[in-house]
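See structure below.
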Amino acid sequence: MNNTVRCPECSNEVKQGYIFSPRRICWSESADSIIYDSGSEVLMGDSIFKIKKIPALRCEKCNLVIFKYQQNKIKK
């Protein structure tokens with residue numbers, strides 16, 4: 001059985017690793033630049049003491065990163 005994970009965009013083999021950030025990661029449906037993130041959906045919150053790492057997949061060919069964020073979404 002082949003356990004190779006492939007990129008959904010280019011079919012290149014992806015690397016397994018972790019994504020992390022000391023700052024929050026937010027989602028918006030608009031491409032417009034913003035000054036303040038009011039109303040954005042927070043996918044990963046700010047770190048207070050310890051930075052949490054989330055399992056992720058990374059395609060080095062097309063620069064795609066895939067990760068699952070927490071199910072309890074925080075509205076800002």
Side-chain angles (χ1 to χ4, degrees):
M1 179 178 241
N2 187 355
N3 290 333
T4 303
V5 180
R6 301 275 175 193
C7 175
E9 285 194 10
C10 71
S11 297
N12 193 44
E13 186 174 342
V14 297
K15 286 188 171 184
Q16 294 183 358
Y18 298 86
I19 191 167
F20 65 95
S21 174
R23 310 280 274 163
R24 73 184 132 204
I25 296 176
C26 299
W27 170 264
S28 175
E29 293 181 8
S30 170
D32 297 338
S33 295
I34 59 173
I35 295 172
Y36 182 72
D37 67 353
S38 178
S40 298
E41 182 181 347
V42 177
L43 301 181
M44 290 175 56
D46 290 315
S47 297
I48 298 172
F49 297 109
K50 199 171 188 181
I51 299 172
K52 181 180 177 185
K53 292 184 177 181
I54 297 175
L57 302 172
R58 175 182 171 203
C59 178
E60 292 179 320
K61 184 176 179 184
C62 66
N63 301 318
L64 178 70
V65 176
I66 303 169
F67 67 96
K68 288 187 177 183
Y69 56 94
Q70 290 184 346
Q71 294 301 316
N72 54 345
K73 302 173 193 170
I74 304 166
K75 288 279 188 177
K76 178 127 172 83

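Both backbone and side-chain heavy atoms feed into the values below; hydrogens, waters and symmetry mates do not.
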How close do C10 and K61 get, heavy atom to heavy atom, and via which atoms? SG-CD, 3.9 Å
Spacing of I66 atom CD1 and E9 atom CD [to the nearest 0.5 Å]: 8.0 Å
Rest of the hydrophobic cluster containing Y18 (Ile/Leu/Val/Met/Phe/Trp/Tyr, side-chain heavy atoms under 4.5 Å)? none
Sequence neighbours excluded, the answer for side chain to side chain contact (heavy atoms under 4.5 Å, CB included) partners of S21 is R23, I25
Which is it for V65 and L57 under the side chain to side chain contact (heavy atoms under 4.5 Å, CB included) test, yes or no, and what are the steps along the way? CA-CA 6 Å; V65 176; L57 302 172; over 6 Å; no
Hey, quick one: are I51 and Y69 part of the same hydrophobic cluster, counting side-chain heavy atoms closer than 4.5 Å, chains of contacts allowed? no
Straight-line distance of N12 CG to C7 SG, nearest 0.5 Å: 7.0 Å
Rounded distance [0.5 Å steps], CG in N3 versus CD in Q16: 9.0 Å
Decide yes or no on side chain to side chain contact (heavy atoms under 4.5 Å, CB included) for V14 and R58, but give the supporting numbers first. CA-CA 5 Å; V14 297; R58 175 182 171 203; 5.9 Å; no
Nearest 0.5 angstrom please: R24 CZ to E41 CD, how far? 13.0 Å
Separation between CZ of F67 and CD1 of I54, rounded to the nearest 0.5 Å: 6.0 Å
Quick one: list whatever passes side-chain hydrogen bond (donor to acceptor under 3.5 Å, both in side chains) with E60, sequence neighbours left out. K15
